[in-house]
Amino acid sequence: RPINRTVPHLWHYDELRPLLLQAGELTPMEKAERRVLMLANPGLEGAPFATATIFFGLQLVLPGESAPSHKHSVGAVRMIIEGEGGVTTVGGECCPMEKGDLILTPAGYWHEHDDYGQGPMIWLDALDAPVVCSIEASYCTEGPPLARSDRPDASQTRYRRSGLAPYDTLARGPKHYPLLRFPWSDVRAALQDLAADTALHEPVQLAYVNPETGRECMPILGFSALMLRPGEELRPRRRSASHGYLVVAGRGETEVDGKTLVWEENDVFVAPTHATIRHRNGSSKERAFLIQVDDAPLQKKLGFYQEFTDGAGS
Ligand code: GTQ
Ligand code: FE2
C-alpha cells in the first residue's frame with residue numbers, strides 16, 4: 001500500500017465548539033467571508049486538510065448574519081450539526097438546514113448562508129479543495145446577494161421519492177445536479193427500512209446519488225450514510241480510498257489501522273487511503289449513524305480505485 005502522510009485522527013466536537021464560538025466573537029462576518037475552523041490532519045504538516053483529498057471545516061453563522069454570495073471551482077457539501085432557522089441558497093434554490101441534512105454546493109454554483117433563527121448555525125463543510133488546489137485550478141468569484149426562489153427545494157417536489165423523476169428527464173437526459181438537499185429525516189427512515197432487510201454485521205449503508213443517473217452525487221468526493229445497530233460491528237472491505245466521517249447520532253469506536261478512535265455525536269474522524277477500518281456501535285440499546293465521505297469517485301475516474309477482499313495485505 002502507499003506510504004501515508006495522513007494519519008488516523010479524531011476531532012472531538014466538545015473541544016471544537018468553544019473554539020468556533022470564540023471565532024464568532026473575534027471575527028465579524030464583514031472581516032471574513034466565511035467563518036470556518038479547518039480540521040488539519042496532524043500528519044499533513046500544517047496543510048489545513050483532513051486527508052490528502054478531503055477538506056473538513058466547521059462553519060459558524062450567527063443569528064441575523066449572512067455569509068455573502070460567492071462561487072468557486074471547488075465543490076462543497078454541508079452536513080448540518082446544530083441550529084434552527086438556517087438557510088443556504090444554492091444556485092437560487094433555497095435549502096433549509098436541519099440537523100443531519102446534506103446539502104450540495106457544486107463547483108460554479110453561487111451560494112450564500114443566512115441564519116434567520118435565534119441561535120448559532122453550525123455545520124461541517126466537506127470540500128474537494130486539496131485536489132482542486134493541487135492542480136492550481138482553484139478560484140473564487142464574489143457576487144451580489146442571490147435572488148432566491150420561494151418554492152420548496154427539489155427534495156420536497158421534483159425528487160420527492162426515489163424511483164420517480166420528472167417526466168422530461170427522459171427526453172432531455174440527466175442533469176448533473178438535479179437534487180441539492182438530502183433531508184436527514186428521509187435518509188434516517190430509509191436506513192431504518194434497509195436495516196430490516198439486512199443481516200446483522202452486513203452494512204446498512206446508503207449512497208447519496210444523483211437521482212437521474214443513480215451515480216455519485218459529486219464528481220470528486222463520495223457521500224453515504226451508515227447505520228450501526230445496537231452492539232453491531234462492521235468490517236467493511238478495505239478500499240484504496242481515503243475516508244472521513246461525521247457522527248450524526250450515537251456513540252462507538254472505529255479502529256483505523258489498529259488505532260482506536262472513540263466517538264460520540266458530532267465528532268469527526270478520518271482514515272488514510274488503503275486503511276483497515278472496523279466500526280463498532282458502543283451502545284447495546286441505541287443506533288448509531290455516520291455520514292461517510294470518501295474520494296472513491298475521484299479514484300474511479302483516474303482508473304485506480306480498488307477494493308480488497310483480504311482484510312490486510314499490501
Ligand atoms: O461555505 O462557501 O469551509 O467557500 C470553505 C470555503 C466553506 C462556504 C468553507 C467556502 C465555504
Ligand atoms: Fe463557498
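Counting convention: from 1, in listed order, for ligands and their atoms alike.
Side-chain contact of Asp114 with Ser66: a donor-acceptor pair under 3.5 Å is present, judged by distance alone. Side-chain atoms of Gln205 and Gln292 include a donor-acceptor pair closer than 3.5 Å.
Residue, atom and distance of the protein heavy atom nearest to atom 8 (C) of ligand 1 are Arg34 NE, 2.9 Å. With hydrogens left out, the protein atom closest to atom 6 (C) of ligand 1 is Leu127 CD2, 3.7 Å, a heavy atom.
Annotation: Tyr109 is in aromatic contact with Tyr177 [ring centroid separation under 6.0 Å]. Ring centers of His111 and His72: under 6.0 Å apart, within the cut-off.
Residue contact check: His70 has heavy atoms under 4.0 Å from atoms 2 (O), 4 (O) of ligand 1. Atoms of ligand 1 lying under 4.0 Å from any heavy atom of His111, numbered from 1 in the order shown and given with element: 2 (O), 8 (C). Of all the atoms in ligand 1, the ones that sit under 4.0 Å from a non-hydrogen atom of His113 are 1 (O), 2 (O), 8 (C). Close approach to Arg78 involves these atoms of ligand 1, each under 4.0 Å from a residue heavy atom: 1 (O), 2 (O), 7 (C), 8 (C), 11 (C). Applying the 4.0 Å criterion to heavy atoms of Gln59 picks out, from ligand 1, the atoms 1 (O), 7 (C), 8 (C).
Taking the side chain as every heavy atom from C-beta outward, Leu104 and Phe182 approach each other to under 4.5 Å.
Coordination check, Cys140 versus the Fe ion (ligand 2): failed, since every N/O/S atom of the residue sits at 2.8 Å or beyond.
A heavy-atom separation below 4.0 Å is not found between Glu33 and ligand 1.
Below 30°, between 30° and 60°, or above 60°: for Trp263 and Phe269 the angle between ring planes is below 30°, a parallel geometry.
Using a cutoff of 4.0 Å between basic side-chain nitrogens and carboxylate oxygens, Asp257 and Arg238 are not scored as salt-bridged.
Distances between N or O atoms of Asp125 and those of ligand 1 include at least one value under 3.5 Å.
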